[in-house]
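Take a look at the structure below.
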Amino acid sequence: MAQNEDDDYEYRIKEGDHIVLKRGDVYKAVQIQRKKKVIFEKQWILLDNVVGHLYSTTFEIASGGTLQPKEDKETESSTDVKVAGTDNRNIVDDGKSQKLTRDDIETMKEQGLKNEEIIQQLIDNSSTFNNKTEYAQDKYIKKKKKKYENTVTVLKPTCRIIAMMYHGREPGKICHLRYDTLAQMLTLGNIHAGSKVLVFETCAGLVLGAVMERMGGYGSVIQMYPGGGPVRAGVECFGFPAHFHDMLHEFPICHVNALLAGTLDTGAKDPTAEEKHLNAAAEQEQIQPEAERQEGSPADERMETNTGGDAGQDREKLEREKRQEAKAQERKVKLEEKRRKLAAAAALLEGRNADGLVIASQFHPCSVLLGLIKFLSPSRPFVVFSQFKETLIECYTKLKEQGGTVNLMLTDTWLRHYQVLPDRTHPLLLMSGGGGYLLSGMTVATDHSEPPAEEPAPKRQKVKDSEG
Amino acid sequence: MSFIEYSNLIQDGDVAIVHLGHNSVTAVKVQHGAQTQTRFGVIRHSTDLIGQRYGSKVTCSKGGWVHVLHPTPELWTVALPHRTQILYTTDIAMVTMMLELKPGSVVCESGTGSGSLSHAILRTIAPTGHLHTVEFHQQRAEKVVEEFKEHRVDHLVTVRNQDVCKDGFGVTGVADAVFLDIPSPWEAVGHAKAAMKKHGGRLCSFSPCIEQVQRTCQALTERGFEEVRTLEVLLRVHNVRPVTLQLPDFGPDSFSSSSQATEEAPPSAALNPASLKIKTTTPPREMPGHTGYLTFATKPRT
């Protein structure tokens with residue numbers, strides 16, 4: 001038994017795990033916390049019961065929101081003699097074919113009827129069902145199954161799943177980066193274990209997480225970030241093991257110029273600015289447990305010393321001073337930690353020998369690219385994503401002007417899904433309109449004596465003849 | 001140098017990629033005393049390559065110059081000698097993500113073909129994963145074994161010269177992912193399932209013809225695979241070009257108000273009022289319209 005447990009251990013759901021809930025093509029990333037209700041597809045559910053089960057198990061949502069593992073595998077609809085029509089010439093869509101009302105169905109749901117039973121009722125009470133063709137019946141049943149589905153599958157997060165989730169749920173948060181475009185970025189950037197990769201993104205951490213997954217904890221990733229602090233919400237969804245965070249560094253872009261100029265001092269920095277930063281950060285971050293305890297006890301003490309006179313007041317003053325000191329000490333420690341991290345990231349960067357650069361943000365990519373490409377070794381790939389082609393045209397032009405890159409390519413990918421069924425295979429009716437654009441290339445040794453690469457001469461459009 | 005790890009200096013025995021310009025590349029086996037002919041002249045390995053930094057500019061005998069690049073699977077895909085039709089980077093990227101490949105993954109692949117996808121897989125699963133690749137053509141199998149060795153990735157791959165439809169992948173219960181690029185993938189679905197871990201895994205089948213896709217999807221569903229999805233992905237390239245467009249001459253302006261005259265003319269066109277220069281992209285004359293359909297599926301726990 002113990003052997004089996006070990007074998008399955010990494011496939012078992014544990015409390016605190018980051019998981020992805022799935023129904024059909026809808027995904028949602030959540031963290032398992034006991035007694036915490038999460039909403040998924042308009043239903044409130046409790047995740048407590050999934051702990052201990054294996055990943056990829058499908059659960060039924062019982063009343064009250066608790067989950068029960070689903071017993072049967074999907075049974076095919078009964079294969080008894082199907083009564084079916086040949087075409088729809090006589091089927092009139094007057095909205096009256098279904099005899100059951102909304103209320104009837106609600107009653108059935110409340111009675112706890114299973115989905116299969118509800119669907120069977122719908123079929124039995126449909127005046128047109130038997131006139132539909134077999135294919136139409138198939139389609140009808142599939143549609144009802146989807147509508148009355150009451151299940152949810154618990155998945156282990158992977159880049160594929162999280163990228164599809166973000167693209168389906170919150171594309172705005174990821175600059176409308178479609179998952180196939182992300183796939184291209186990871187491959188064109190040659191992201192692999194053991195390299196040193198720079199990432200600048202405002203995609204909620206999705207791109208960063210994807211890069212980290214492909215590096216498997218080996219090598220290092222430096223997140224260049226704008227503003228006060230790096231955004232990493234998306235990274236949490238991946239549920240990486242703790243040691244992956246050891247390879248993750250961050251560096252604020254406001255210090256890039258100083259670093260490039262060699263004037264960045266990671267020793268005693270401007271204390272007031274750092275303090276402000278830290279205080280602001282401390283407001284938002286969760287208070288340390290020690291601090292909480294500290295906060296807790298003086299309040300209690302204060303209540304107790306209500307009746308004391310001067311002695312009580314003195315004690316109060318002492319307590320306050322102690323608290324202030326503790327807080328100042330805390331801030332000092334945090335400041336030191338921040339400084340240490342900055343120095344570590346700077347050390348990784350100043351050699352200007354990074355192996356890859358990935359950019360995906362709402363910032364104008366041109367300046368970002370020209371600034372960060374200086375950190376790459378020669379003969380290393382870089383990839384820039386933009387929702388808008390024009391910005392990448394500018395990047396391309398500037399790179400050609402300054403030299404130092406080859407293999408520049410401005411591309412986007414066209415993605416189409418298919419329905420594959422016997423005699424009913426065709427592309428799906430709706431497809432994604434666009435997934436963003438990519439500019440990719442390779443750095444080469446910068447040679448200042450060499451003239452910039454020639455651009456093809458601007459073509460003069462002739463008025464008379466037309467292009468072939 | 002290896003295809004799974006960067007290095008800085010070119011050494012004897014490396015496989016380097018020479019970039020000739022305009023996205024034209026060629027692979028070069030670096031050897032003391034050897035020479036490589038290019039249209040810009042001769043590259044002498046001992047003086048021009050060995051000891052130089054990857055990314056350096058190399059001036060060839062005729063005076064023209066090229067750049068020498070560190071190999072990557074993507075460059076290899078474009079440079080490799082084709083023994084079969086190969087998978088290109090666009091499809092490879094999609095396959096890599098949809099099969100959830102990452103360091104440590106164990107992958108089964110058939111047919112190996114020219115090794116284009118194989119190199120990309122190896123790069124992604126290194127340093128702790130393994131690739132089991134099956135190729136039924138003996139010479140191709142031998143050639144690819146040679147290349148894996150030259151590219152310093154042989155410790156991560158096992159090549160088997162057999163027919164996957166009859167004999168399977170040569171391993172059972174170990175794979176996180178299986179990739180099929182063979183004429184009759186439906187005949188290998190059973191073997192694919194057997195090769196995969198009991199906990200489950202991902203599968204991909206690549207087929208140019210829709211009939212193959214239909215048969216494969218049916219076989220996958222019959223064998224208990226779930227989440228069967230077929231898609232295709234195509235690359236669109238945008239060629240950045242400055243374009244000069246003529247402005248029409250409608251004759252002298254009958255209104256002749258100064259504002260109108262200066263209205264539309266940007267400063268640069270003031271000297272040459274007859275045209276406008278814009279920076280835009282043009283599509284290539286032709287583009288690949290189809291490579292193959294990618295069918296993905298998930299093997300549940302068995």
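Because the structure is a prediction, the values reported are computed rather than measured.
A heavy-atom distance below 4.5 Å is found between the side chains of A:C159 and B:M97. Side-chain contact between A:Y396 and B:T281: absent, with no pair of heavy atoms (C-beta onward) separated by less than 4.5 Å. With contacts defined as side-chain heavy-atom distances shorter than 4.5 Å, the pair A:V406/B:H22 does not qualify. B:L231 is not listed as a side-chain neighbour of A:R416, based on a closest heavy-atom distance of 4.5 Å or more.
Interface with chain A: from residues 71-79 of chain B, residues B:T72, B:P73, B:E74, B:L75 qualify, criterion being any non-hydrogen pair under 4.5 Å. Listed in order of number, the residues of residues 378-393 of chain A that approach chain B to under 4.5 Å between heavy atoms are A:P378, A:S379, A:R380, A:P381, A:K389, A:I393.
Note that the CZ atom of B:R301 and the OG1 atom of A:T57 stand 8.5 Å from one another [nearest 0.5 Å]. Atom CG of B:L101 is separated from atom CD of A:E213 by 9.5 Å, given to the nearest 0.5 angstrom. Going from atom OG1 of A:T187 over to atom CG of B:D91 covers 11.0 Å, rounded to the nearest 0.5 Å. With rounding to the nearest 0.5 angstrom, the OG1 atom of B:T230 is 9.5 Å from the CG atom of A:L428. To the nearest 0.5 Å, atoms CG (B:L69) and CG (A:N407) are separated by 7.0 Å. One distance of note links CZ of B:R123 with CD1 of A:I191; it measures 9.0 Å at 0.5 Å rounding.
Between A:Y418 and B:Y293, the ring-plane angle classifies as perpendicular under the 30° and 60° cut-offs.
Neither the backbone nor the side chain of A:M185 comes within less than 4.5 Å of any heavy atom in chain B. Contacts of B:Q214 with chain A are made by both backbone and side-chain atoms, with heavy-atom separations under 4.5 Å. At a 4.5 Å heavy-atom cutoff, the contact between B:R229 and chain A is made by side-chain atoms alone. Heavy atoms closer than 4.5 Å to chain A are found in the side chain of B:I210, but not in its backbone. With a 4.5 angstrom heavy-atom cutoff, B:I125 does not touch chain A via any of its atoms. Interface remark: A:T158 contributes side-chain atoms only to the contact with chain B (heavy atom separation under 4.5 Å). Using a 4.5 Å cut-off between heavy atoms, A:N353 does not touch chain B at all. With a 4.5 angstrom heavy-atom cutoff, B:R236 touches chain A via backbone and side-chain atoms both. With a 4.5 Å cut-off on non-hydrogen atoms, A:K196 does not touch chain B at all. In this structure, the portion of B:H19 lying under 4.5 Å from any heavy atom of chain A is its side chain and not its backbone. In this structure, chain A has no heavy atom under 4.5 Å from any part of B:T295.
For CD of B:Q52, the number of neighbouring non-hydrogen atoms (other residues, nucleotides, ligands) closer than 6.0 Å is greater than 12.
With chain A as partner, the option from B:V228, B:I92, B:T90, B:T89 having the largest number of non-hydrogen pairs under 4.5 angstrom is B:T90. The choice from A:D180, A:L415, A:N190, A:T413 that makes the most heavy-atom pairs within less than 4.5 Å of chain B is A:N190. Taking A:M215, A:Q184, A:Q419 one by one and counting their heavy-atom pairs under 4.5 Å with chain B, the maximum is reached by A:Q184. When A:T425, A:I161, A:L438, A:L408 are compared by the number of non-hydrogen pairs under 4.5 Å with chain B, A:T425 comes out ahead.
In this structure, A:A193 and B:P127 approach most closely via the heavy-atom pair CB-CD, 3.7 Å. Scanning both residues, B:R53 and A:S377, for their nearest heavy atoms gives NH2-OG, 3.8 Å. Listed here is the closest heavy atom pair of B:S56 and A:A445: CA-CB, 4.0 Å.
The aromatic ring centres of A:H192 and B:F3 sit 6.0 Å or more apart. Taking the six-membered ring for Trp and the full ring otherwise, A:Y55 and B:H199 have centroids separated by 6.0 Å or more.
For residues 205-229 of chain B, no residue pair satisfies the ring pair (Phe, Tyr, Trp, His ring centres under 6.0 Å) rule, not counting sequence neighbours.
With sequence neighbours excluded, the residues that form a salt bridge (charged side-chain N to carboxylate O under 4.0 Å, His left out) with B:E227 are A:R160.
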